[in-house]
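So that the names make sense, note that chain A is the first sequence line, chain B the second, and so on, each numbered from 1.
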There are 2 protein chains.
Amino acid sequence: MKASALGPMESLSMTDRVENILREYLMDNGFKPGDSLPNETEIAQKLNVSRNVVREALSRLRMLGLIESRTRRGMIMAQPDLFAGIEKVMSPSILSHDNQKDLFELRLILEMGIAEFLFARKTDKDLEELEAIVNKQKGLKSLSREDEIEFHGKLYEMTGNDTFRRFQTLLFPVFDHVFKEYLEKGIHTDLPNPVSHADLFDVLKNGTAAQFRNAMYGHLMPYFTTTLQNGVQTS
Amino acid sequence: MKASALGPMESLSMTDRVENILREYLMDNGFKPGDSLPNETEIAQKLNVSRNVVREALSRLRMLGLIESRTRRGMIMAQPDLFAGIEKVMSPSILSHDNQKDLFELRLILEMGIAEFLFARKTDKDLEELEAIVNKQKGLKSLSREDEIEFHGKLYEMTGNDTFRRFQTLLFPVFDHVFKEYLEKGIHTDLPNPVSHADLFDVLKNGTAAQFRNAMYGHLMPYFTTTLQNGVQTS
DNA sequence: GATGTTTATTTGTACTACAAATGTAATTAT
DNA sequence: ATAATTACATTTGTAGTACAAATAAACATC
């Protein structure tokens, strides 16, 4: 209907365009957390759209954590949560099968890549805590999902990279689901882990980063063979 | 004002709650791409809120790619785009400094972790194409940002994991920005890469995955020393 | 000067209205 | 009777109005 200064029509809705305009506006003008935005009616008038459209766009930005609003004080720029969007779709029931398989592998890639940071940042306190976890698991004949999370979660923590840790944690439910699916399909070669948590701990304590990389590959071997048996997806 | 069956008030807005309800509804009822949703007025009546609130919540789901709407046909479930949300905040100008530093390291972690998949999935055609890239860069005394992207981008592609590839590509602008910042602060130890692209290619062609992991560490060494000099962030 | 009260502003929610798109049904022509 | 056309009904997209809630600031009172 009205195009005004909103750019080409294409197939974007007004809300889509206003969302883009607002994001660019915030980025190009160097808005920082705490800075206050113009109020809704002002934005609507400036862009020549209804307040409805503006609010739908703002609702999206609010979901991403880009803005916050308090009554009377108006809206302010906020520190966006990097994973606010992705965590809402990170579920086996809604992701495509290809996505799930890719995320399964992504977790393996991440686990294989943390060696340098572990060795650069490990502390005696970390090692003690990890040893406690390992000892607790020593008697068990098979490790539960929680045991796995506890050990590997401690490793994520030891990387000193909280974003990495959160991302890994997000990945885990999908990883778990895909692996169960593989098991049901009988793809899994039912080998016990050639490298145990205790072995990994030992290398982390006394070995080198390069040795740890190799040990981690051994530990994840069953997962690698499982996913690599399945071939490359046809994306 | 009205709480109805929407759960506790807390500090969530109506829109927040309706968004959660709708996502849970879609997930719990096993909605698959193509399945049609109830129309907006019906949802509004059922939840006892205005169509406005429903539309603000739906607007969010539409942004995530969870739903699509066509006039007359109503709304249908869609295949959500895993990165739709994250790519809108993946920018140096709006991410926190801690997030940026973490993402810088995350890229290093990912690069370090791809060896197994490269060796499991590399093809002769891939190697030829990678060799062409390497040869093109052989004469240059210093590699541009585009050169780096071309070589490493080809590696991402060779992993056969498109989700990984997209994620890496998203990360690159932040990585680049953080590294430039390090350079300005004089943190960088200005060593030439001890392991070149040509070296990496050679190991990928003739060596083993374990050798490649070590070579990649050598190649990324300047970045590792840079970020590790900077200490652990205090998140 | 401290404290209570009013007022103005801005977001949050609700409601109505209508245009655009389009599948379905009805109607007309051959 | 079948095909083409027309009219209708449904649903999203956008606009506009209205008002409640919250609260910061201005004002009034003691």
**Message:** Testing the basics here: between A:Arg121 and B:Thr227, what is the closest heavy-atom pair and its distance to 0.1 Å?
**Reply:**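 Closest approach of A:Arg121 to B:Thr227: NH2-O, 4.1 Å.
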**Request:** Would you mind telling me which residue lines up with the more 5' stretch of DNA chain D, B:Met75 or A:Val53, judged by nearest nucleotide?
**Result:**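 Of the two residues, B:Met75 wins.
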**Request:** Output yes when a side-chain donor or acceptor of B:Asn161 lies under 3.5 Å from a complementary backbone atom of A:Asp102, and no otherwise.
**Result:**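 Checking the backbone N and O of A:Asp102 against the side chain of B:Asn161, a donor-acceptor pair under 3.5 Å is found.
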Please state how far atom [atom1] in [X] lies from atom [atom2] in [N], giving the value in whole angstrom units.
X       : N      : atom1 : atom2 : result
A:Asn48 : D:dG13 : CG    : P     : 20 Å
A:Asn39 : D:dA24 : CG    : P     : 17 Å
B:Glu40 : C:dT16 : CD    : C1'   : 15 Å
A:Arg73 : D:dA24 : CZ    : C1'   : 10 Å
A:Asp16 : D:dG13 : CG    : P     : 9 Å
A:Met14 : D:dA15 : CE    : C1'   : 10 Å
A:Ile67 : C:dT10 : CD1   : C1'   : 13 Å
B:Leu37 : D:dT12 : CG    : C1'   : 13 Å

Would you indicate, yes or no, if [N] has its OP1 or OP2 atom less than 4.0 angstrom from a side-chain nitrogen or oxygen of [X]?
X       : N      : result
B:Asn52 : C:dT13 : no
A:Ser50 : D:dT14 : no
B:Arg51 : C:dA14 : no
A:Arg62 : C:dG12 : yes
B:Arg55 : D:dT12 : no
B:Ser69 : D:dT11 : no

**Asked** Is the distance between the ring centroids of A:Phe164 and A:Phe117 less than 6.0 Å?
**Response**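 Between A:Phe117 and A:Phe164, which both carry aromatic rings, the centre distance is not below 6.0 Å.
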**Prompt:** When you check the side-chain N and O atoms of B:Arg23 and B:Asn20, is any donor under 3.5 Å from an acceptor?
**Reply:** yes
**Message:** Hydrogens and angles aside, do A:Asp98 and A:Ser96 bring a side-chain donor and acceptor to less than 3.5 Å of each other?
**Reply:** no
**Item:** Touch class at under 4.0 angstrom, heavy-atom based, for A:Thr41 against every strand present
**Value:** nothing
